[in-house]
Protein chains: 2
Amino acid sequence: MTVTLADVAARARVSPATVSRVLNGNYPVATATRERVLRAVDDLDYVLNGPASSLAAATSDLVGVLVHDIADPFFGIMAGAAQSEIGGQEGTGRAGGEKLAVVCNTGGSPERELTYLTLLQRQRAAAVVLTGGAVEDPAHTAAMTAKLGKLAAAGTRIVLCGRPPLPEPDQAVAALAFDNLGGGRRLTEHLVALGHRRIGYIAGPVGRTTTRHRMEGHRAALAAAGLGGGAAEQDRLTVHGPYDRRSGYDAAAELLHREPALTAIVAANDTVALGACAALRDRGLRVPGDVSVAGFDDLPFSADAVPALTTVRLPLVEAGARAGRLAMGREAPPPGGIATVPADLVVRSSTARPPGGG
Amino acid sequence: MTVTLADVAARARVSPATVSRVLNGNYPVATATRERVLRAVDDLDYVLNGPASSLAAATSDLVGVLVHDIADPFFGIMAGAAQSEIGGQEGTGRAGGEKLAVVCNTGGSPERELTYLTLLQRQRAAAVVLTGGAVEDPAHTAAMTAKLGKLAAAGTRIVLCGRPPLPEPDQAVAALAFDNLGGGRRLTEHLVALGHRRIGYIAGPVGRTTTRHRMEGHRAALAAAGLGGGAAEQDRLTVHGPYDRRSGYDAAAELLHREPALTAIVAANDTVALGACAALRDRGLRVPGDVSVAGFDDLPFSADAVPALTTVRLPLVEAGARAGRLAMGREAPPPGGIATVPADLVVRSSTARPPGGG
DNA sequence: ATGAGAGCAGCAAGCGCTTTCTACGCGATA
DNA sequence: TATCGCGTAGAAAGCGCTTGCTGCTCTCAT
C-alpha cells in the first residue's frame with residue numbers, strides 16, 4: 001500500500017538506517033550511496049511518515065501560532081509574517097529547518113486557548129507562538145502558566161508576540177510586548193494638544209491586557225492634562241466592546257447619548273474606529289469637523305479610509321517575523337527574554353481641533 | 001521524565017490497553033475501571049503522545065486548511081468558519097471528533113501549496129481544505145491533481161472551497177465552487193443598466209481561476225449589451241494586479257490614463273476597489289458622481305466604506321463552515337461532489353448613473 | 001448443576017522511523 | 001608486514017501507542 005523507508009532501502013540496496021541518514025542529512029553518507037537513495041526515493045514517490053519519525057526522534061516539525069481571531073488582519077498579518085519565517089524558505093529543497101507552521105484560531109476563548117495548547121503538546125510541537133493580548137483571569141493565567149511551563153519543560157520553545165510576559169518570567173519564554181500603554185498615552189496627548197476636552201473612549205473587551213494597557217495610557221494622558229475627572233466620570237465616557245466594526249458603531253452611539261458635547265472619540269483599534277466613524281456619519285456629524293476619531297494598530301485600510309485615520313502604528317510584520325525567528329531559535333532572545341515593541345503615533349486626517357474650542 | 005500510557009496504567013492498576021481504550025472510548029470498559037483510569041490520568045497530568053498514537057492507529061487528528069493570504073479577511077473569514085466546525089465544539093470535553101485545524105499560508109505560491117500538501121501528507125492529515133482560486137498552470141494543475149489523488153488514496157478527505165473542481169473529478173474530492181462568473185456578469189449588467197458604456201476592469205493576478213471567471217462574467221455582460229468591442233479594446237480597458245489595495249490604486253490611475261472618459265471601474269475584489277476609490281479621490285474625481293466603482297466579495301468593511309461599496313456578496317462564513325463539515329465527514333457531499341455557491345449582487349452607493357449620459 | 005454466552009481486561013505484536021553501537025574495508029603509519 | 005584509525009554501512013533496540021485475539025469471570029437459561 002504505502003511506501004515505507006524499508007521499501008526505499010530495498011530498492012537502493014542499502015539498509016533503512018542509511019536511507020534515514022540520507023533524508024536527515026546529519027551523518028556522513030558516501031555521495032554515490034546518497035544518490036542511489038535519492039533516486040529510489042523519487043522513483044518510489046516516497047513520503048516520510050511524520051508520526052513515526054516524530055515518535056522515534058521525540059521531536060516534531062510542527063510550530064503552532066495561536067491567534068484570537070483569524071479573520072482580523074491584525075492577527076493575520078502577524079501570523080503571516082511569523083509563518084513565512086517558520087515554513088518559508090522557498091527553494092531550500094529538502095534541507096532541514098523546514099517546519100510546518102500552523103495557525104490556531106482561539107476565537108478569544110480561554111478554553112480553546114488551553115485546548116489548542118494541549119493539542120500542540122500532544123503533537124510535541126517544536127514551538128508555540130501566542131499572539132495578541134492575554135485574558136486577565138487569575139485562574140486562566142495560572143492554568144496558562146502551568147501549561148506553558150510544561151511545554152517549555154518538554155523542550156517546546158514559547159514566544160509571546162504582542163502579549164505581556166508571564167507573571168513569573170520563565171527563562172524559556174521569550175516575550176515581544178507591544179507598548180500599548182505608551183501608544184495609548186501619546187494618542188490621547190495628541191488629542192489633548194489639539195484642544196479636546198471631552199473625549200470618549202471605546203475600549204476593547206473587558207479582562208484583556210491589551211484593553212487595559214491602551215486604556216491606562218489614555219487615562220494617564222488625561223490625568224497628566226488635569227482632565228482625569230473622577231472614576232465615575234471616566235467610566236461614563238468609556239464603553240467596552242469586542243474588537244469589531246459593529247461594536248464601534250454601537251459604542252459611538254452610546255457615547256454620544258451619554259455626552260452629546262463630545263468632541264473626540266478614541267477607539268480600541270482601527271476597526272472599531274471605522275465603526276465609530278460610520279455611526280457619527282449616520283448622525284450627520286462630520287469627522288473631524290465635528291468629532292475627531294482615532295484608532296490603534298494602523299492596519300492597511302486605515303490609511304485609505306475617508307478621512308484617513310489618525311492611529312498608533314504597530315510594526316506587526318516586523319514583530320511577527322521576529323517571533324517566527326525566535327520560535328525557530330534562529331534569533332537570540334532579547335535580554336531578560338523580554339523586548340518592548342514600539343507603538344508610534346501616526347497623525348492623519350481624522351483628528352483636528354475641536355469645533356468651537358481650541 | 002514524561003508520563004506515558006504505561007505509567008497511567010500502573011497507577012490505575014490496569015493494562016496499557018485498557019487505558020488506551022478508556023481514552024479512545026470505543027470499546028466497552030466497566031465504569032469503575034474507567035473512573036480509576038481517568039483519575040490516574042488526572043493525577044499524573046498525562047498527555048497523549050500524538051505521534052505515537054498516530055503511528056499506531058495510522059490516522060491523525062490534523063486537518064489542514066490552505067489559504068493564499070492569511071492577512072486577507074477573505075481567507076481569514078473562510079478559514080475561521082471552517083476551523084470552528086473542525087476543532088470547535090466547546091465543552092465536548094475529551095470526547096472524540098476533536099481535530100486540530102491548522103491553517104497554512106501559501107502566499108499564493110504554487111510551490112508552497114505543494115510543499116504544504118506534502119507536509120500534511122507526512123502527518124497523515126485526516127483532511128485538507130483548499131480555499132481560494134487555483135493557479136492555472138498545466139504543470140501545476142497536474143502536480144496538484146496527482147498529489148491530491150495520492151492524499152485521497154491514503155484516506156485524507158479533500159475539500160475545495162471557493163475553487164473549481166479538479167479537471168478530472170475525483171469521487172473523494174468535494175468542491176464548493178463560487179459562482180464568480182455569474183456574479184461578475186450580474187455586477188457589470190448592473191453598471192450597463194445604469195447607462196455606463198466605458199467601463200474599466202481591474203483584474204486579479206494572471207493565471208488564477210478566480211481572476212479569469214470574474215473577468216469572463218464581466219465580458220459576457222459587456223458582450224450581451226453589445227459593448228464588447230474587440231479583443232484589443234477589451235485588453236486596453238483591463239489591468240491586472242494582485243489582490244491588494246495598492247494594486248487597485250495603481251490600476252485605476254493606469255485605466256484613467258488609458259481612457260480618460262471612463263465612467264465606471266469594476267475591481268477584482270473589494271480591497272482593490274477601495275484602492276481604486278483612493279486613486280480617484282486623489283485625482284479630484286468623485287465616486288460615484290464622476291466614476292462609479294464596484295468590488296467583489298462583500299467583505300465586512302465594504303459596507304462601511306465611503307461611499308458604501310456596490311459589490312457581489314459571497315457567503316464566506318457559510319461556505320467555510322460547510323467546507324469544515326465536509327472535511328469532518330459530518331455532512332454528505334453534494335451530488336457529484338460539486339456544489340455551486342451563489343454570488344449575489346449587492347447594490348450600494350458607490351455606483352450610480354454616469355455623469356452626462358444615462 | 002452445568003454449559004453457553006456476554007462482558008471485560010490483558011497479552012503481545014506491530015506501526016515506521018531514529019540512533020547507538022558494532023563491523024568492515026582501506027589507506028596511512030611505524 | 002602488522003597496526004591503527006578514519007570513513008561508512010548495518011543490526012537491532014526501542015519510541016509510546018493501538019488492537020486483534022485470547023481468556024477469565026460472571027450471569028442466565030436449560
Side-chain angles (χ1 to χ4, degrees), chain A residues 1-38 40-41 44-62 94 96 119 121-126 154-155, chain B residues 1-38 40-41 44-62 94 96 119 121-126 154-155:
Chain A
M1 186 61 204
T2 60
V3 181
T4 72
L5 233 213
D7 298 330
V8 175
R11 182 169 237 270
R13 316 187 107 272
V14 297
S15 74
T18 301
V19 178
S20 172
R21 296 199 262 244
V22 168
L23 260 22
N24 291 300
N26 47 13
Y27 191 88
V29 173
T31 309
T33 313
R34 155 179 288 100
E35 287 180 350
R36 203 140 36 84
V37 169
L38 256 19
V41 167
L44 262 32
D45 229 355
Y46 171 69
V47 175
L48 187 71
N49 182 317
S53 169
S54 297
L55 172 58
T59 63
S60 97
D61 56 0
L62 223 56
R94 52 185 74 248
L119 247 24
Q121 187 182 3
R122 259 206 205 357
Q123 302 299 332
R124 304 300 189 251
Chain B
M1 186 62 204
T2 59
V3 181
T4 72
L5 233 214
D7 299 329
V8 176
R11 181 169 237 270
R13 317 188 106 271
V14 297
S15 74
T18 302
V19 177
S20 172
R21 296 200 259 246
V22 167
L23 261 22
N24 291 300
N26 48 11
Y27 191 88
V29 173
T31 308
T33 313
R34 154 178 288 100
E35 287 181 348
R36 201 140 37 84
V37 170
L38 256 19
V41 166
L44 263 29
D45 229 355
Y46 171 70
V47 175
L48 187 70
N49 182 318
S53 169
S54 297
L55 173 58
T59 63
S60 96
D61 55 0
L62 222 57
R94 52 186 73 248
L119 247 23
Q121 187 182 3
R122 260 206 204 356
Q123 302 300 331
R124 304 300 189 251

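Side chain of A:Tyr27, nearest nucleotide from C:dC21, C:dC17, C:dT18: C:dC21.
Extent of DNA chain D lying under 4.0 Å from chain B heavy atoms, first and last nucleotide in 5' to 3' order, is D:dG16 to D:dC21.
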Could you walk me through whether B:Gln123 and A:Asp61 pass side-chain contact (heavy atoms from CB on, under 4.5 Å), step by step?
CA-CA 10 Å; B:Gln123 302 300 331; A:Asp61 56 0; 3.3 Å; yes
Before you tell me yes or no, could you show the steps for A:Leu5 and A:Leu23 under side-chain contact (heavy atoms from CB on, under 4.5 Å), namely the whole-Å CA-CA distance, both residues' side-chain angles and the distance that decides it to 0.1 Å?
CA-CA 10 Å; A:Leu5 233 213; A:Leu23 260 22; 4.3 Å; yes
Residues A:Leu38, A:Val22; criterion side-chain contact (heavy atoms from CB on, under 4.5 Å); working and verdict
CA-CA 8 Å; A:Leu38 256 19; A:Val22 168; 3.6 Å; yes
Would B:Thr18 and B:Tyr27 count as a side-chain contact (heavy atoms from CB on, under 4.5 Å) if you check the C-alpha gap in whole Å, the side-chain angles of each, and the deciding distance to 0.1 Å?
CA-CA 9 Å; B:Thr18 302; B:Tyr27 191 88; over 6 Å; no
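Map B:Thr18 and A:Asn24 each onto its nearest nucleotide of DNA chain C; the residue landing nearer the 5' end is B:Thr18.
Put simply, CZ on A:Arg21 is 9 Å from C1' on C:dT18, counting in whole angstrom units.
Between the A:Ser60 side chain and the A:Ser54 main chain, no donor and acceptor come within less than 3.5 Å of each other. Not a single donor-acceptor pair under 3.5 Å links the side chain of A:Arg122 to the backbone N or O of B:Gly50. In terms of modelled atom types and a separation under 3.5 Å, the side chain of B:Arg124 and the main chain of B:Gln121 share a donor-acceptor contact.
Within residues 48-58 of chain A, the residues that place at least one heavy atom under 4.0 Å from DNA chain D are, in residue-number order, A:Leu55, A:Ala56.
A:Ala9 approaches A:Pro16 most closely through the heavy-atom pair CB-N, 3.6 Å.
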